[in-house]
Each structure stands twice: as structure tokens, then as C-alpha cells.
Amino acid sequence: MTFELPHDPYDLAVKTVARVAPWTFFRVAGFPAEPDEVRLEDTGVIVKELHADNVLLYDGSPEEPPFGLCLEYVWSFDRDRLRGWILKALTLEESLNRVVILLVIYLRPGPARSAPDRLVRAAAGLSNEYRFERVFLWEFAERIRNGEFPELAPFLILWEDEDAEGILREEKQIIRASGLPEPVEKEVLGTAYLLGLQYASRRVVDAVFREDVMKLEEMGLIGERIAERLAEADLRARTEGLEKGREEGREEGREEGREEGRVEEARALCFRLLRKRFGELPYEWVRRIEHTDAEGCATLLERALEVETLPELWQATE
């Protein structure tokens with residue numbers, strides 16, 4: 001079975017956990033599946049015309065018949081996508097010849113808490129209703145800390161990023177103490193590293209995962225993506241450094257290095273405050289901030305106080 005690596009770090013993080021520890025999502029849904037009872041199915045082969053985030057299969061036992069989970073990972077409820085989710089689950093059920101339960105996993109606190117858990121269609125006094133399961137992942141924070149769900153430790157920083165370095169060190173301790181199989185542990189550590197880069201500087205993340213960064217080749221698919229991202233960042237830094245060195249000389253180059261540090265701090269502050277103001281940032285915003293200088297970050301923060309939504313902020317700062 002082959003898997004395409006998503007470029008969105010959050011998407012990749014959840015899909016990595018589903019791939020290396022699929023039993024986790026049965027357990028958060030309330031079903032006590034064991035590791036040797038579940039597996040990840042390749043939906044691209046089963047239903048090519050539909051894209052499902054993940055489909056996990058439970059192959060049955062004397063107590064329970066086989067069934068599947070169709071997983072959807074989202075930041076907030078989108079009513080327009082609901083019919084598509086239900087269609088996927090029902091189509092997969094037909095293709096797999098087993099019950100498939102739709103499980104919607106919300107990754108961040110916010111308006112999602114009041115999102116519906118069913119789709120109702122009514123007309124002329126007649127109605128249909130389809131109910132589905134929901135999981136609010138942040139509600140498992142204490143159980144993650146207690147060691148019940150160590151595979152989900154990388155997601156703690158999504159909910160508590162005030163002390164990013166402290167949270168990353170806590171995540172690492174939980175994972176190291178978990179007793180997970182070594183291949184699983186390595187990819188979960190890689191997931192923590194990847195998500196850490198979204199909330200802290202590379203210097204901080206490297207300091208926490210120093211010995212693990214040297215073993216990216218042992219982290220499987222997640223290590224490949226991290227290696228790609230770091231290689232791209234290093235290439236950009238080297239290219240910029242060479243150009244600046246040629247143009248400005250060593251002294252000016254050192255000043256530019258200090259300026260880059262100020263820019264990095266400005267971007268980190270921008271990420272934190274915009275997330276506090278608007279919630280999790282879409283991928284296009286992450287890319288924009290990563291390419292914004294310190295002055296641009298200051299402008300974004302000033303305008304953020306004057307608007308109500310991210311689209312308005314985008315328009316006000318174009």
C-alpha cells in the first residue's frame with residue numbers, strides 16, 4: 001500500500017498517527033480495539049472518485065462483527081461538506097461490504113463544540129435523518145498526559161502554545177515513556193517535531209528534539225517530509241546568506257543575521273496573536289507570514305485589531 005504525503009503539516013500529522021497507530025482512533029471513539037485487530041485501508045484503490053481522509057478497518061472478533069471508521073479531520077464545522085462526508089461513508093460501506101461509521105474529529109477548540117452531529121432532511125411532513133460520531137480531540141488532553149493516548153501527544157501544542165518549548169518537552173517525555181513499538185515511537189516523535197515547527201522557532205524545536213533530528217531517516221514517511229522542509233529552509237538560508245555576503249560584506253552580513261533573528265521573533269509573535277484573534281490559520285496564511293518581514297508582521301497585527309475576519313484582514317493588507 002502506498003501513501004501520498006500531504007504538504008499541510010496538520011493533515012500529515014493526523015494521517016501519520018492514523019497510519020502508524022490506527023487503534024488510537026477506535027479508542028477515542030469509545031471502542032477498545034487492540035493494535036492487531038485494526039488496519040488502515042487505502043481508499044484510493046477502493047473508491048477512486050471519492051477522497052476520504054482515512055478509513056480504518058476492524059476485522060472482527062467473536063464479540064463484534066467487522067466494521068470500519070471513515071475519518072474526517074477538521075478545524076471547524078462546514079455544513080456544505082457534511083453531505084459529502086455522509087456520501088463517502090455510505091459508498092465505502094457498499095464497497096467494503098461492512099458497516100462504516102463516519103467519525104468527524106475536531107482538532108481545535110472553538111465554534112466546533114456546537115456543531116451538529118446529524119443531517120436532517122425534511123419536506124411536506126416527511127423526513128430523513130443521518131447521525132454521525134464526533135470527537136473533540138482537545139478533550140483528551142489530560143488522558144494524553146496520563147499516558148492513555150501517547151500517540152496523540154504531538155497535538156498538545158495545538159491547544160496550549162503559550163510555553164511552546166515547555167509543551168514540546170512534555171510531549172517528548174510522554175512519547176518516550178509510552179512503551180510504543182520503536183517504529184511507531186519514531187514517527188510520533190517526528191510528528192511532534194513537525195507540529196512544533198508551526199508554533200516555535202526551528203532553534204527551539206531542534207533544542208528539544210536534538211538527538212531525534214539526527215535520525216530523520218528512521219522516522220519513516222514523516223521523517224521524509226521533515227527532511228524536505230528542513231532542506232528547503234537550509235537552501236533558502238544559504239542562498240540568501242551568499243547573496244547578502246557578496247553585496248554587503250561580512251559585517252553587514254552579521255547585521256543581516258541579527259535582523260533575521262528579529263524577523264523570526266516578529267513572525268512567531270504574529271502567528272501567536274493572529275491565532276488568538278482568529279483561531280487556527282489556513283495554510284495560505286502560514287505561507288504568507290513565513291514570507292513577511294518584521295515591518296509587515298507589525299502591519300498585520302495593527303490591522304488585525306481593526307477587522308473581524310481573516311478575509312477582511314487579507315484584503316486590508318494586500
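Comment: R262 does not engage E265 in a salt bridge, judged by the lack of any side-chain N to carboxylate O separation of less than 4.0 angstrom. Residues E160 and R145 are paired through a salt bridge, judged by an N-O separation under 4.0 Å between the basic side chain and the carboxylate. Contact check on R39 versus E37 returns no salt bridge, with no Lys/Arg side-chain nitrogen under 4.0 Å from an Asp/Glu carboxylate oxygen. Using a 4.0 Å cut-off between a side-chain N of Lys or Arg and a carboxylate O of Asp or Glu, E284 and R288 do not qualify as a salt bridge. Of the charged side-chain nitrogens involved, none lies within less than 4.0 Å of a carboxylate oxygen, so that R134 and E72 do not count as a salt-bridged pair. Electrostatic pairing of R19 and E187 counts as a salt bridge here, judged by a charged N lying under 4.0 Å from a carboxylate O.
Applying the salt bridge (charged side-chain N to carboxylate O under 4.0 Å, His left out) rule to E302 yields no partners; only residues at least two apart in sequence or on another chain are considered. Considering only residues two or more places apart in sequence or on other chains, F149 meets the ring pair (Phe, Tyr, Trp, His ring centres under 6.0 Å) condition with F140.
Counting heavy atoms from C-beta outward, L69 and F31 have side chains that stay 4.5 Å or more apart. Contact check for W159 versus L137: side-chain heavy atoms found under the 4.5 Å cut-off.
Taking the six-membered ring where the residue is Trp, the centroids of W285 and F278 are separated by 6.0 Å or more.
Under a cut-off of 6.0 angstrom, the local environment of CD in E94 is sparse, with at most 12 non-hydrogen atoms contributed by other residues, nucleotides or ligands.
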